[in-house]
Protein chains: 2
Amino acid sequence: MRTLQPNRLVTTLPMPAPVHAPPDERQAADPHHVHEEPLRLASSDPEAGDPFRRKLATYVELTPGDIRELDGLAASGRRYPAQTPLLHQADIPECAILVLDGFACRYKFLTNGRRQITAYLLPGDLFELDLEFRLPLDCAVGTLTACRLALIPRSEYEDLIRRRPRIARALQMVRLTEAATLREWITNLGSRSGPERLAHFLCEMLLRLRATGLASENQYSFPITQADLADTLGMSCVHVNRVLQKLRRDGLIELSGRRLTILRPDGLRTLAEYDASYLKPAATPLRPSASDRPAA
Amino acid sequence: MRTLQPNRLVTTLPMPAPVHAPPDERQAADPHHVHEEPLRLASSDPEAGDPFRRKLATYVELTPGDIRELDGLAASGRRYPAQTPLLHQADIPECAILVLDGFACRYKFLTNGRRQITAYLLPGDLFELDLEFRLPLDCAVGTLTACRLALIPRSEYEDLIRRRPRIARALQMVRLTEAATLREWITNLGSRSGPERLAHFLCEMLLRLRATGLASENQYSFPITQADLADTLGMSCVHVNRVLQKLRRDGLIELSGRRLTILRPDGLRTLAEYDASYLKPAATPLRPSASDRPAA
DNA sequence: CGTGTCATTGAGAATGTTCAATAGGTGTGG
DNA sequence: CCACACCTATTGAACATTCTCAATGACACG
């Protein structure tokens with residue numbers, strides 16, 4: 001039996017009401033947590049303007065009109081404290097969620113109290129998948145750290161997709177990358193030992209954060225709790241702690257003050273057998289053309 | 001360290017040349033294995049006509065024209081022996097693969113010799129995902145048992161999608177279901193003990209096979225090797241064996257002669273905490289209408 | 001300075017792996 | 001029909017990994 005000691009979140013996350021629409025109260029409700037974290041992330045890199053635009057631009061060549069629309073989305077961000085549930089399992093979401101700042105995630109609870117995180121939503125990531133089909137969610141969505149999020153109503157989102165073929169195409173490729181990432185996680189959880197697993201996760205985070213300018217060469221802000229890491233990697237948080245120490249002892253990483261430095265990048269990659277190709281599909285970008293309509 | 005004893009497949013699978021186009025030689029190359037297995041599966045259920053059509057019909061209402069097209073695809077099946085690699089990791093596939101009979105899978109190898117299966121392709125399942133974007137595959141594809149497969153050239157497949165909006169829509173929902181299944185597997189690998197994990201897998205197989213008429217109420221043909229199960233569930237095959245025995249000892253299942261019987265379905269479901277909602281999205285089927293074009 | 005959260009440590013127990021051997025079943029060739 | 005080869009399933013025993021429980025530090029906040 002694998003009845004892990006219930007982590008902090010087990011009691012925190014499921015209790016508050018889920019957020020279906022932008023809850024203005026939240027901003028006032030829990031102000032102490034909210035003000036530092038996101039700013040720290042954003043200010044850590046001068047280029048971090050709009051991570052979503054940056055990310056899509058790696059897949060397709062965006063037109064000025066596309067960019068204007070994307071910037072419009074990013075303008076409407078709201079702040080949420082850490083560990084806030086946003087959508088519950090089986091909800092039928094009425095809006096897409098764009099992460100502007102901070103870390104969010106998809107997760108599931110089991111009745112034994114265990115939680116499994118199935119995906120990280122980093123700045124520039126969009127939660128939207130089943131929107132068009134109005135399917136009940138197969139997992140919950142919530143913040144890990146304090147976040148700035150843009151909630152995009154369904155109609156507005158669908159409209160965007162219709163008007164902006166390039167963006168729609170980029171989002172399809174994002175979906176493919178996400179599916180590939182899920183398979184990579186399955187491999188990680190099923191076939192790698194504790195240290196390898198953690199190393200793999202840290203490598204993935206580095207590359208994903210770098211793609212939006214939120215990580216420098218070998219360093220990034222890492223505000224993830226060991227308990228969250230445990231729920232990510234399928235281990236107890238005691239074991240996460242020990243594995244972290246092993247990586248430190250081996251001189252692979254340094255982790256202090258919510259900041260991770262990878263000291264020996266290829267050492268870590270080798271340990272993890274990390275092959276990043278699943279993250280960067282050899283995109284065949286569409287070139288801007290006359291058929292592109294101007295912004296509405 | 002998790003350097004499992006290399007299963008049989010480690011040496012078998014990577015060696016033969018990958019199959020990019022229908023290899024007629026295969027049919028003659030290994031005839032002994034090929035002739036029984038698929039027939040046994042097919043004949044086990046009178047309604048098993050075209051599992052692909054059956055599956056899509058659970059998502060949308062198909063028109064007679066749609067059905068004719070789908071039946072056309074299924075007609076062109078070819079046989080492949082068990083444990084045949086079809087596509088290698090990093091390949092850019094030139095055809096979709098429709099499973100008509102037998103079990104295939106997606107998998108990855110690690111350099112330590114371990115293999116992780118990331119998805120099962122059962123009769124009625126289609127491998128196609130990255131086709132449109134011509135991305136290198138993030139994992140390999142191969143048969144587990146002897147299979148009958150239809151290889152659909154890229155152009156023909158894209159044509160089908162264009163001409164058949166209902167089919168295209170159904171396939172999008174299939175993709176959503178597949179993504180949900182990946183997340184479920186992550187949860188399974190990360191958060192469940194051996195017996196729970198296996199139980200969950202067996203429950204999923206039951207429902208998926210039932211959806212295409214290949215399982216009766218609580219029984220199905222189960223031609224999977226314990227070594228394959230090990231690569232699926234992230235455990236050693238010795239442990240798979242012991243966990244299987246435990247489920248048998250607890251009177252939950254009976255497994256003999258490649259046939260699995262679930263003796264206490266709710267016992268198994270409870271153990272696995274199995275919630276099948278990820279497999280059956282509350283579809284909103286399109287009704288056939290005048291806008292539907294007749295078959296070409 | 002008390003409270004709460006997160007990180008760290010120790011020690012015993014459970015789960016899962018490895019290695020190695022044995023058993024069962026099936027098809028092949030004589 | 002039997003002996004053999006091969007593949008799969010099963011078993012035992014030693015070992016490794018990981019978990020649980022419980023206690024202790026470290027640090028931030030009011």
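By convention in this document, chain letters (A, B, ...) are assigned in the order of the sequence lines, proteins followed by strands, and residues within each chain are numbered from 1.
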Between atom [atom1] in [X] and atom [atom2] in [N], what is the gap in whole Å?
X        : N      : atom1 : atom2 : answer
B:Arg192 : D:dC19 : CZ    : P     : 16 Å
B:His239 : D:dT18 : NE2   : C1'   : 13 Å
A:Leu198 : C:dA7  : CG    : P     : 13 Å
B:Met235 : D:dA16 : CE    : C1'   : 18 Å
A:Asn112 : C:dT15 : CG    : C1'   : 15 Å
A:Leu229 : C:dT5  : CG    : C1'   : 16 Å
A:Asp231 : C:dC6  : CG    : C1'   : 14 Å
A:Arg249 : C:dT8  : CZ    : P     : 12 Å

Partner residues of [X] under the side-chain contact (heavy atoms from CB on, under 4.5 Å) criterion, sequence neighbours left out:
X        : value
A:Arg210 : A:Leu206, A:Leu207, A:Ala215, A:Glu217, A:Asn218
B:Ala180 : A:Asp138, B:Arg183, B:Tyr278
A:Thr261 : A:Gln219, A:Glu254, A:Leu263
B:Arg248 : B:Leu244, B:Gln245, B:Ile253, B:Leu255

Difference in axis direction between the ends of the helix from C:dC1-D:dG30 to C:dG30-D:dC1, five pairs, 10° |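 The helix from C:dC1-D:dG30 to C:dG30-D:dC1 shows an end-to-end axis angle of 30°.
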State which residues pass side-chain hydrogen bond (donor to acceptor under 3.5 Å, both in side chains) with [X]; sequence neighbours excluded, sorted by chain then number.
X        : result
A:Thr111 : B:Glu273
A:Thr232 : A:Tyr120
A:Glu184 : A:Arg192, A:His200, B:Lys108

Quick one: do B:Leu214 and B:Leu122 satisfy side-chain contact (heavy atoms from CB on, under 4.5 Å)? Show the steps, please.
-> CA-CA 10 Å; B:Leu214 291 173; B:Leu122 307 183; over 6 Å; no
Considering residues at least two apart in sequence or located in another chain, which fulfil the salt bridge (charged side-chain N to carboxylate O under 4.0 Å, His left out) criterion with B:Arg208?
->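 Expected list: B:Asp125, B:Glu204.
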Taking A:Asp91 for its side chain and A:His88 for its backbone only, find out whether a donor-acceptor pair lies under 3.5 Å.
->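 A pair under 3.5 Å: yes.
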Only pairs at least two apart or in different chains count here, so list each salt bridge (Lys or Arg N to Asp or Glu O under 4.0 Å) that has a residue in residues 234-247 of chain A.
->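 Residue pairs with at least one partner in residues 234-247 of chain A: A:Lys246-A:Asp250.
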Every protein N/O within reach of nucleotides 9-12 of chain D N/O, cut-off under 3.5 Å:
{"unit_1": "D:dA9", "atom_1": "OP1", "unit_2": "B:Arg258", "atom_2": "NH2", "d": "3.0"}
{"unit_1": "D:dA9", "atom_1": "OP2", "unit_2": "B:Gln226", "atom_2": "N", "d": "2.8"}
{"unit_1": "D:dT10", "atom_1": "OP1", "unit_2": "B:Arg248", "atom_2": "NH2", "d": "3.2"}
{"unit_1": "D:dT10", "atom_1": "OP2", "unit_2": "B:Gln226", "atom_2": "NE2", "d": "2.6"}
{"unit_1": "D:dT10", "atom_1": "OP2", "unit_2": "B:Asn241", "atom_2": "ND2", "d": "2.7"}
{"unit_1": "D:dT10", "atom_1": "OP2", "unit_2": "B:Arg248", "atom_2": "NH2", "d": "3.3"}
{"unit_1": "D:dT10", "atom_1": "O5'", "unit_2": "B:Asn241", "atom_2": "ND2", "d": "3.2"}
{"unit_1": "D:dT11", "atom_1": "OP2", "unit_2": "B:Gln245", "atom_2": "OE1", "d": "2.4"}
{"unit_1": "D:dT11", "atom_1": "OP2", "unit_2": "B:Gln245", "atom_2": "NE2", "d": "2.8"}
{"unit_1": "D:dG12", "atom_1": "N7", "unit_2": "B:Arg242", "atom_2": "NH2", "d": "2.5"}

Between the protein and nucleotides 24-28 of chain D, which nitrogen or oxygen pairs are less than 3.5 angstrom apart?
none

